Amino acid sequence: MRDRGHVSVVAGGQWGDEGKGKIVAYLAVQDEPEVIARAGVGPNAGHTVRVDGEDYGLRQIPCGFPHEEAELAIGPGVLVNPEVLLDEVERLSRFQVDDRLIVDERCAIIEPKHIEAERASKHLSDEIDTTGTGCGPANADRALRKAKLARDVDELSEFLGDVPGLVNEAIDAGEDVLIEGTQGFGLSLYHGIDYPYVTSKDTTASAFASDVGVGPTRIDDVYVVFKAYATRVGEGPFPTELSREEVIEKFGEEILEVERGTVTGRPRRIGEFDFEMAKRACVINGATQVAITCIDRRFPDAAEAETWHELPTEAKKFVEKVEEAVGVPVTIVSTGPELEHTVDLR
């Protein structure tokens, strides 16, 4: 038995919406970690997973739920909206999530007053164009040390636990841990390139490890996920943004319907892949591996490929160009929504 378990972090390299949910679910099913822990801000970030043709859009529960042997944890750094969480537990009943979920008792709670405050704020709702889920005001209350915690909410009592303790004990016992980050590098409160058009905390791999209570020396791999083009929801600079006409010409009109935010349903702005931003994202996240998603939307002939040899030449050239630009190996290429639509080069 090895000395300790393997710990991987999944982080977004753009403005969120990179397809991290698919990548997390794939890694969970393929690698079978014993613990899958959700990090990040809270229910302002949605991840979508397709299982057996059915889409599950999640905002709180880890997207590794299809691996039914894993414990599912929400780290103390994550904001929790009890209503959203309990709804997801019910929707995922076929996966026995209620028997596997551990919510850290120190998670801060989003209350109705936080949602009302965000939606009433002209700065947040109009100028920044936030999701209206109350995360910013809840994190502000947390910083002011007046937030309610999960241990104060009766409805959550059956799920409460010590997530850092659970995760570190698992690592010490030789068990593998997968940490699921949310949003993306470009939205980091500290490292985002266009403050104030960012989220309410850091969204890089270091923060995700902290969110679940894992020290930096215990991280073995950091997967940074990029979409094969760029999208963002909300206001803020977007250097490679394309006009509607350019988007339709390059990707086809159907992409305008596909590219909508998981949480808000708002249309995403679409642009070209930003190689300079990708390089910086890999540096600051400490990427050891890169995953590229939605390559089938950029190169339709790549759809549903499962091996490198099945990818069309132009798709291979694009992957190689990304790899050369960021200086990190591209090891996973997603070619469609189902988990098996994946080229694994690890």
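Computed from a predicted model, the values in this text were never measured in an experiment. Side chains included, hydrogens not; waters and symmetry mates left out as well; all remaining heavy atoms used.
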No-hydrogen, no-angle side-chain donor-acceptor test under 3.5 Å, S206 and T204:
no
What residue pairs, at least two apart or across chains, pass ring pair (Phe, Tyr, Trp, His ring centres under 6.0 Å) with a residue in residues 186-226?
F226-F273
[X] bridged to [Y] by N-O distance under 4.0 Å:
X    : Y    : answer
K148 : D141 : no
D172 : R4   : no
D31  : R346 : yes
D274 : K279 : no
R298 : E272 : yes
E18  : K227 : no
R269 : E241 : yes
R260 : E257 : yes
K20  : E180 : no
R38  : D211 : no

I'd like to know whether the aromatic ring centres of Y56 and F95 sit less than 6.0 Å apart in this structure.
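Centroid distance Y56-F95: below 6.0 Å, so yes.
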Would you check if the distance from the ring center of F185 to the ring center of W15 is below 6.0 Å?
no
Under the side-chain contact (heavy atoms from CB on, under 4.5 Å) criterion, do Y229 and I255 qualify, and how do the steps go?
CA-CA 12 Å; Y229 48 96; I255 201 169; 3.6 Å; yes
Residue pair R59, E88: steps toward the salt bridge (charged side-chain N to carboxylate O under 4.0 Å, His left out) verdict:
CA-CA 8 Å; R59 298 159 57 190; E88 291 183 3; 5.4 Å; no
Under 4.5 Å between side-chain heavy atoms, hopping through other hydrophobics if needed: is there a path connecting [X] to [Y]?
X    : Y    : answer
I36  : V51  : yes
V343 : Y26  : no
V163 : I179 : yes
L166 : L160 : no
V212 : I102 : yes

Step-by-step side-chain contact (heavy atoms from CB on, under 4.5 Å) determination, V24 to H47:
CA-CA 9 Å; V24 169; H47 291 173; 5.6 Å; no
May I have the step-by-step check of side chain to side chain donor-acceptor pair (under 3.5 Å) for D55 and T48, ending in yes or no?
CA-CA 7 Å; D55 286 338; T48 302; over 6 Å; no
Quick one, [X] and [Y] - any side-chain contact, counting heavy atoms below 4.5 Å?
X    : Y    : result
D87  : E83  : no
V224 : T288 : no
N44  : Q183 : yes

From the list V78, I110, V80, side-chain contact (heavy atoms from CB on, under 4.5 Å) with P43 holds only for I110
Check residues 326-337 and write down every donor-acceptor pair under 3.5 Å in which the side-chain atom is one partner and the other belongs to a residue at least two apart or another chain.
residue: T331; atom: OG1; partner: Q289; partner atom: OE1; Å: 2.7
residue: S334; atom: OG; partner: K22; partner atom: NZ; Å: 2.8
residue: S334; atom: OG; partner: G336; partner atom: O; Å: 3.3
residue: T335; atom: OG1; partner: A305; partner atom: N; Å: 3.2
residue: T335; atom: OG1; partner: A305; partner atom: O; Å: 2.7
residue: T335; atom: OG1; partner: H341; partner atom: O; Å: 3.2

Verdict with reasoning, N139 to S200, per side chain to side chain donor-acceptor pair (under 3.5 Å):
CA-CA 7 Å; N139 268 330; S200 56; 2.9 Å; yes
Just do the side-chain contact (heavy atoms from CB on, under 4.5 Å) check on F159 and V89 with the steps written out, would you?
CA-CA 11 Å; F159 303 114; V89 170; 4.2 Å; yes
